[in-house]
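Everything below concerns the one structure shown next.
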Amino acid sequence: MSKNSNVKVMLPAAVERNLRAFGEHIHIARKRRKESLATFAGRIQVSIPTLRRVEAGDPSVSMGAYATALWALGGIHFLGELANPEADEMALLQELRTIKKGKRISS
């Protein structure tokens, strides 16, 4: 089995759903802008088959292709915020638990 096939098999269902939704959103945004597959593929410097895979939410397409599509649609500012440590609620909760445990021990 190829490496790309393994990526598809090992995806959590939530990741697969969200990638498909992301691809669909890219597809709708391109259509709303009345850009053909060829025009948009040229702007983001990928082949038409690759753009079709992006719009299908294919996980084996490079993150660079998705990011460039986002950039071409004017949404690149969202990308940098996706894993922003300042908005990482799980890490914040873990830090708070650690601090609270430390206070109980030293009290």
Side-chain angles (χ1 to χ4, degrees):
M1 190 178 277
S2 73
K3 184 177 179 182
N4 288 343
S5 296
N6 289 337
V7 169
K8 292 178 188 179
V9 170
M10 296 171 20
L11 284 179
V15 171
E16 193 173 327
R17 276 192 312 275
N18 281 280
L19 270 175
R20 275 196 314 266
F22 186 35
E24 184 178 346
H25 295 167
I26 291 169
H27 172 78
I28 291 167
R30 176 184 62 79
K31 289 291 216 169
R32 290 176 77 189
R33 287 162 176 76
K34 298 180 180 8
E35 284 198 65
S36 68
L37 278 167
T39 301
F40 195 69
R43 281 205 315 128
I44 67 171
Q45 299 181 356
V46 299
S47 67
I48 291 173
T50 298
L51 176 54
R52 283 192 176 120
R53 290 174 40 223
V54 165
E55 291 184 350
D58 185 332
S60 67
V61 175
S62 78
M63 186 172 177
Y66 283 99
T68 306
L70 197 56
W71 165 81
L73 297 169
I76 196 64
H77 60 281
F78 294 113
L79 189 61
E81 292 303 312
L82 291 178
N84 184 344
E86 293 176 11
D88 186 349
E89 292 179 17
M90 290 181 70
L92 177 61
L93 287 173
Q94 287 175 339
E95 287 176 351
L96 290 173
R97 285 186 198 121
T98 302
I99 291 168
K100 287 180 182 179
K101 283 181 184 177
K103 281 187 175 181
R104 286 188 197 136
I105 293 171
S106 63
S107 297

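- Residues Ala67 and Ile76 come closest through the heavy atom pair O-CD1, 3.5 Å.
- Taking the side chain as every heavy atom from C-beta outward, Ile26 and Val54 approach each other to under 4.5 Å.
- The two residues Leu19 and Pro59 have their closest heavy-atom pair at CD1-CB, 3.6 Å.
- Contact of the Thr98 side chain with the Lys101 side chain is not registered, since no non-hydrogen atoms from C-beta on lie closer than 4.5 Å.
- The shortest heavy-atom contact between Leu70 and Phe22 is CD1-CE1, 4.1 Å.
- Separation of atoms NE2 (His27) and CZ (Arg52) is listed at 11.0 Å; rounding is to 0.5 Å.
- One distance of note links CD1 of Ile44 with OH of Tyr66; it measures 10.5 Å at 0.5 Å rounding.
- Scanning all heavy atoms of the two residues, the minimum distance from Glu35 to Thr39 falls at OE1-CG2, 3.5 Å.
- By the criterion of side-chain heavy atoms lying less than 4.5 angstrom apart, applied directly or through intervening Ile, Leu, Val, Met, Phe, Trp or Tyr residues, Ile28 is not grouped with Trp71; the two fall into different hydrophobic clusters.
- In the hydrophobic clustering of this structure, Met63 groups with Leu82; members are Ile, Leu, Val, Met, Phe, Trp, Tyr whose side-chain heavy atoms approach within less than 4.5 Å, directly or through other members.
- Here CD of Gln94 is found 8.0 Å from CG of Asp88. Values are rounded to the nearest 0.5 Å.
- The minimum heavy-atom distance between Leu51 and Ala41, with the atom names listed, is CD2-N, 3.7 Å.
- With Arg53 as reference, Val61 is the one residue of Val61, Ile48, Val46 to meet the side-chain contact (heavy atoms from CB on, under 4.5 Å) rule.
- In terms of hydrophobic clustering, with Ile, Leu, Val, Met, Phe, Trp and Tyr side chains grouped at heavy-atom distances under 4.5 Å, Ile99 and Leu92 are assigned to different clusters.
- Contact annotation: the side chain of Leu37 approaches that of Glu55 to within less than 4.5 Å [non-hydrogen atoms, C-beta and beyond].
- A salt bridge is defined here as a Lys NZ or Arg NE, NH1 or NH2 lying under 4.0 Å from an Asp or Glu carboxylate O, and Arg20 with Glu24 fails to meet this definition.
- Nearest approach of Ala72 to Phe40, heavy atoms of both residues: CB-CE1, 3.7 Å.
- A donor-acceptor contact shorter than 3.5 Å is absent between the side chain of Arg30 and the backbone of Ala69.
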